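What follows is one structure encoded as structure tokens, with my remarks underneath.
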Amino acid sequence: MKKIALLGATGSIGTQTLDIIKSDRNNFELTAVSAYSNSDSMIGIIDEFRPRFAVMMDKAGYDKVYEYCKIENRKTEVLHGMEGLIEIATLPEVNIVVTALVGMVGILPTVRAIEAGKDIALANKETLVAAGELVINKAKEHEVNILPVDSEHSAIFQCLQGNSLTEINKIILTASGGPFRGRTFEEVKYIPKTEALKHPKWNMGNKITIDSATLMNKGLEVIEAHWLFSQPYEKICPVVHPESIIHSAIEYIDGSIIAQLGVADMRLPIQYALNYPRRMNRVVEPLDLVRAGRLTFEEPSYENFPCLRLAFEAGKQGKLLPAIMNCANELSVDLYLKEKISFGDIYYIINECMEKFDYNKAVTIENILESQEEVIRFIKNKYN
Ligand code: NDP
Ligand code: MG
């Protein structure tokens, strides 16, 4: 029986992880869950799964869930805030922590979970972007597996089975291209969020949906791939593949390309991460190749999607620059969703922060958190 702590249980990845757990109750037990403020969904999860612990980040949400459990006599212990998140990420009985929360808030609980020897099923890519060096070194030190949930990285991971990292010639990181594929930066600069939130292939949380529209998501994934698969940036090649059938591929030194194909459904990579190295009976309909028809590929435009270029720059410079970039991205996406800045401003603000802040410091938790604080203070002062 695998005992799971699911951070971000009420979100898009969280809910699909619950589906996988439900599909195989003999194999999985949901020990602990967390959410930010969505108390109604959390109460639903508690009623259905009866976890031992539930964490709410937001105080009002915590109060509501706590009261509910008291009145209804639920045995779930309700905890609050970052302390609670770290507590459930490090519970002695938990075997695997699924990081399905969004943003840099995932850094601390992920690092603490690794230190406690937990395997990580990682969806929360921002943690690897901001703290990749630290996370990967800690994972080696504590001999824990980082199992990718992101569909591209799950694909690469699957293509790697039975092969050696040293024989990779390049990683072909596929991208759907997002809602603005083929448009110029000038054309979408002032595009309203209703347009940016219409992803052609995937139904995801708002933050990653905007990241997909700017292609920052692909940029974050380039850095994620660098850390997960120990490859230099020159060997990580984003390719636009609008059909989203090939979820990524590896070209080996002999010229052979191995790709992973499937329908666009996150439950597949989640299921693989939770069962690795085994494969389980399907929960997702298989891909019908004849119906899929043609598969097409094109180069991404670094000119029209400058966030992708920024991510390569940040990754190559290293140190704290990816953390600064990631933080600036999170804040500007939030401002855009609140309609305080334009779509184009997301790029300008990230660029400004990458130029402004000193990144040449050691990648420690303290330095990452400190540089994030600086970026947050700057952006809040200037744009709120
Ligand atoms: P959602 O916005 O749908 O869900 C986020 C989850 O995290 C919710 O449970 C939310 O709680 C919680 N949360 C939000 N803010 C905080 C916070 N400050 N502190 C603690 N918890 C918080 O996101 P997604 O599921 O789309 O994405 C989750 C992660 O997975 C991201 O890193 C994303 O990049 C990655 N990912 C997502 C994919 C997808 O298909 N959705 C695909 C590949 C990767 P509440 O509901 O209460 O707000
Ligand atoms: Mg992805």
Side-chain angles (χ1 to χ4, degrees), residues 5-19 33-45 54-62 64-65 79-86 88-89 98-110 120-130 148-157 173-178 197 199 201-212 215-225 228 238 241 244 246-248 260 264-270 273 326-327 329-331 333-334 337 372 376:
L6 173 55
L7 314 186
T10 50
S12 158
I13 294 288
T15 315
Q16 295 179 83
T17 304
L18 294 174
D19 276 354
V33 282
S34 86
Y36 182 72
S37 60
N38 190 342
S39 46
D40 290 343
S41 294
M42 181 53 94
I43 286 169
I45 294 169
V55 179
M56 297 300 292
M57 293 302 280
D58 167 73
K59 183 67 171 64
Y62 164 80
K64 205 168 156 196
V65 176
L79 307 171
H80 175 230
M82 182 52 81
E83 236 173 74
L85 216 48
I86 291 175
I88 64 165
V98 181
T99 63
L101 30 70
V102 60
M104 55 199 170
V105 67
I107 297 173
L108 217 47
T110 307
I120 308 289
L122 185 133
N124 176 235
K125 64 189 87 184
E126 294 90 349
T127 284
L128 263 195
V129 170
V149 168
D150 210 349
S151 59
E152 295 77 2
H153 305 75
S154 173
I156 297 160
F157 188 55
L173 191 70
T174 54
S176 72
L197 284 170
H199 196 278
K201 287 286 169 196
W202 301 90
N203 185 8
M204 312 177 285
N206 282 353
K207 192 262 178 183
I208 185 175
T209 306
I210 301 301
D211 286 348
S212 301
L215 287 201
M216 179 52 97
N217 182 50
K218 212 44 57 182
L220 300 178
E221 291 183 356
V222 165
I223 301 175
E224 189 184 6
L228 283 173
H241 166 46
S244 298
I246 293 182
H247 297 304
S248 278
Q260 187 259 344
D265 189 319
M266 286 308 296
R267 288 175 301 172
L268 238 167
I270 295 168
N326 176 67
C327 181
N329 181 54
E330 282 187 44
L331 269 88
V333 168
D334 189 51
L337 286 168
Q372 286 179 169
I376 292 169

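One-based numbering along the sequence shown. Atoms within a ligand are numbered from 1 in the order they appear, just like the ligands themselves. Just the heavy atoms: all of them, side chains too, but no hydrogens, waters or symmetry mates, feed the values below. All values derive from a computational prediction rather than experimental measurement.
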Do you know the tightest heavy-atom contact between [X] and [Y]?
X	Y	result
Ala5	Ile88	CB-O, 3.5 Å
Ala273	Ala121	CB-CB, 4.2 Å
Gly106	Leu101	CA-CD1, 3.4 Å
Ala89	Pro109	CB-O, 3.7 Å
Val55	Met42	O-CE, 3.8 Å
Gly14	Ala100	N-CB, 3.9 Å

Between [options], which one has a non-hydrogen atom sitting closest to [atom]?
atom	options	result
atom 25 (O) of ligand 1	Ile13, Leu6, Asp265	Ile13
atom 44 (C) of ligand 1	Asp150, Leu85, Val55	Asp150
atom 2 (O) of ligand 1	Gly103, Gly81, Gly205	Gly205

Considering only protein heavy atoms, which is closest to [atom], and at what distance to one decimal place?
atom	value
atom 7 (O) of ligand 1	Leu101 CA, 3.3 Å
atom 4 (O) of ligand 1	Gly11 CA, 3.2 Å
atom 9 (O) of ligand 1	Thr10 OG1, 2.7 Å
atom 34 (O) of ligand 1	Lys125 CE, 3.2 Å
atom 6 (C) of ligand 1	Ala100 O, 3.7 Å
atom 20 (C) of ligand 1	Met57 CG, 3.3 Å
atom 33 (C) of ligand 1	Ile208 CD1, 3.9 Å
atom 35 (C) of ligand 1	Ala123 O, 3.2 Å

Sub-4.5 Å side-chain heavy-atom contact between [X] and [Y]:
X	Y	result
Ile107	Glu126	no
Ile376	Glu330	no
Trp202	Ser212	no
Gln16	Asp265	yes
Pro148	Leu122	no
Ile270	Ile13	yes

Give yes or no for whether the N/O distance cutoff of 3.5 Å, strictly under, is met between [X] and ligand 1.
X	result
Tyr36	yes
Ser12	yes
Asn38	yes
Ala35	no
Ser37	yes

(request) Kindly determine whether Lys125 and Asn217 satisfy side-chain contact (heavy atoms from CB on, under 4.5 Å), including the steps that lead there. (result) CA-CA 9 Å; Lys125 64 189 87 184; Asn217 182 50; 2.6 Å; yes
At a 4.0 Å threshold, what atoms of ligand 1 neighbour a non-hydrogen atom of [X]?
X	result
Asn124	32 (O)
Glu126	31 (C), 32 (O), 34 (O)
Met204	39 (C), 40 (O), 41 (N)
Val105	17 (C), 18 (N), 19 (N)
Ala9	9 (O)
Val102	5 (C), 7 (O), 14 (C), 15 (N)

(message) Between Leu197 and Leu337, is the side-chain contact (heavy atoms from CB on, under 4.5 Å) condition met? List the steps.
(response) CA-CA 9 Å; Leu197 284 170; Leu337 286 168; 4.2 Å; yes
(request) Measure distances from the Mg ion (ligand 2) and count the protein N, O or S atoms below 2.8 Å. (result)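 The number of such protein atoms is 3.
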(message) Applying the side chain to side chain contact (heavy atoms under 4.5 Å, CB included) criterion to Thr110, which one of Thr99, Leu7, Leu85 satisfies it?
(response)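 When side chain to side chain contact (heavy atoms under 4.5 Å, CB included) is applied between Thr110 and each of Thr99, Leu7, Leu85, only Thr99 qualifies.
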(message) Out of the candidates His241, Glu152, Glu224, only one should pair with Leu173 under the side chain to side chain contact (heavy atoms under 4.5 Å, CB included) rule; please name it.
(response) Glu152
(message) Any side-chain to backbone donor/acceptor pair from Asp150 onto His153? Under 3.5 Å, distance only.
(response) no
(request) Check whether any heavy atom of Lys207 sits under 4.0 Å from an atom of ligand 1. (result)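 It does not, in that no heavy atom of Lys207 comes within the 4.0 Å cut-off of ligand 1.
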